[in-house]
Amino acid sequence: GAGVSQTPSNKVTEKGKYVELRCDPISGHTALYWYRQSLGQGPEFLIYFQGTGAADDSGLPNDRFFAVRPEGSVSTLKIQRTERGDSAVYLCASSPVGGGTDTQYFGPGTRLTVL
Amino acid sequence: RKEVEQDPGPFNVPEGATVAFNCTYSNSASQSFFWYRQDCRKEPKLLMSVYSSGNEDGRFTAQLNRASQYISLLIRDSKLSDSATYLCVVKTGNNRKLIWGLGTSLAVNP
């Protein structure tokens with residue numbers, strides 16, 4: 001079946017601009033996660049949704065970052081007033097329930113470059 | 001101190017070699033442990049979960065030592081296709097988020 005998909009695959013923007021990154025989880029997966037991975041680093045947790053609500057947003061670096069999942073499936077990560085330090089690969093993952101042992105399935109990521 | 005620490009490598013080994021990766025975690029409340037594999041410019045993929053009793057999947061063996069807060073991954077008879085970055089991952093209690101190490105880079109050479 002279809003895996004997690006993310007669009008766009010690449011996004012180049014200028015400092016100060018607004019961007020939206022989209023994630024389509026595996027159908028039926030109630031848990032959705034956003035991570036950010038900088039070059040040479042492991043992924044860094046940003047936010048986790050259970051259904052429509054953000055169950056844990058402790059990883060969002062500041063108030064320029066916001067994410068929504070209005071219908072409990074597709075999620076959008078929104079970044080305002082982008083900065084060069086926001087350049088990274090933004091990874092989305094989903095899992096069936098979100099329990100302690102649920103495997104998280106990752107999408108291919110969106111590579112964001114802020115010039 | 002980072003929550004999950006790994007030797008970043010790179011490890012360069014010949015085909016057929018046995019290679020071991022180590023990882024330590026700082027939170028003693030951590031309950032779930034995983035090894036993920038990530039190929040260059042690709043997303044991470046689950047290689048195996050790590051259980052207290054240790055577990056094996058073909059050429060791959062994972063071990064967990066809770067007392068020392070230490071996780072290991074052993075790859076036997078390494079193949080060229082094993083070349084990748086191996087990421088140690090920890091989940092704490094009911095917390096859903098994964099905490100990742102930096103990853104250990106492996107290059108298997110012919």
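By convention in this document, chain letters (A, B, ...) are assigned in the order of the sequence lines, proteins followed by strands, and residues within each chain are numbered from 1. Because the structure is predicted, anything quoted here is derived from the model rather than measured.
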field: Pairwise ring pair (Phe, Tyr, Trp, His ring centres under 6.0 Å) hits with a residue in residues 46-81 of chain B, at least two apart
entry: none
message: Side-chain heavy atoms nearer than 4.5 Å, only ILVMFWY residues, links allowed to pass through others: does that put Leu46(A) and Ile99(B) together?
response: no
message: For Tyr35(A) and Phe106(A), take the angle between the two ring planes, folded into 0 to 90°, and tell me which bin it lands in: parallel under 30, tilted 30 to 60, perpendicular over 60.
response: tilted
- request: Would you tell me whether Gln37(A) and Gln38(B) have side-chain atoms, one donor and one acceptor, within less than 3.5 Å of each other?
  value: yes
message: For Gly58(B) versus Arg76(B), what's the shortest heavy-atom pair and its separation?
response: O-NH2, 2.9 Å
Validation row: Glu56(B), Thr61(B) side chains within 4.5 angstrom (heavy atoms): yes
field: Under 4.5 Å from a heavy atom of chain A, the part of Gln6(B) involved
entry: neither
task: Over all heavy atoms of both residues, which pair between Val74(A) and Arg69(A) is shortest? Give the atoms and the distance, please.
output: O-CG, 3.3 Å
task: May I ask you to list the residues in residues 101-110 of chain B that approach chain A closer than 4.5 angstrom, counting heavy atoms only, ordered by number?
output: Gly101(B), Leu102(B)
- prompt: Which pair of non-hydrogen atoms, one from Pro44(B) and one from Leu87(B), has the smallest distance, and what is that distance?
  reply: CB-CD1, 4.5 Å
- line: Note: Trp35(B) and Cys23(B) closest approach over all heavy atoms is CH2-CB, 3.9 Å
task: Look at the rings of Phe21(B) and Phe11(B) and say which category their plane angle falls in: under 30° parallel, 30 to 60° tilted, over 60° perpendicular.
output: perpendicular
Ring geometry between Phe34(B) and Tyr36(B) (parallel below 30°, tilted from 30 to 60°, perpendicular above 60°): perpendicular
Ser75(A) (side chain) donor-acceptor with Val68(A) (main chain) under 3.5 angstrom: yes
message: Please evaluate residues Ser95(A) and Tyr33(A) with respect to the criterion side chain to side chain contact (heavy atoms under 4.5 Å, CB included), reporting the C-alpha separation (whole Å), side-chain torsions for both, the decisive distance (0.1 Å), and the verdict.
response: CA-CA 9 Å; Ser95(A) 66; Tyr33(A) 311 78; 3.1 Å; yes
message: Applying a heavy-atom distance below 4.5 Å, give me the residues of residues 107-115 of chain A that approach chain B, sorted by number.
response: Gly107(A), Pro108(A), Arg111(A)
Residues of residues 83-90 of chain A near chain B, each having a heavy atom less than 4.5 Å away: none
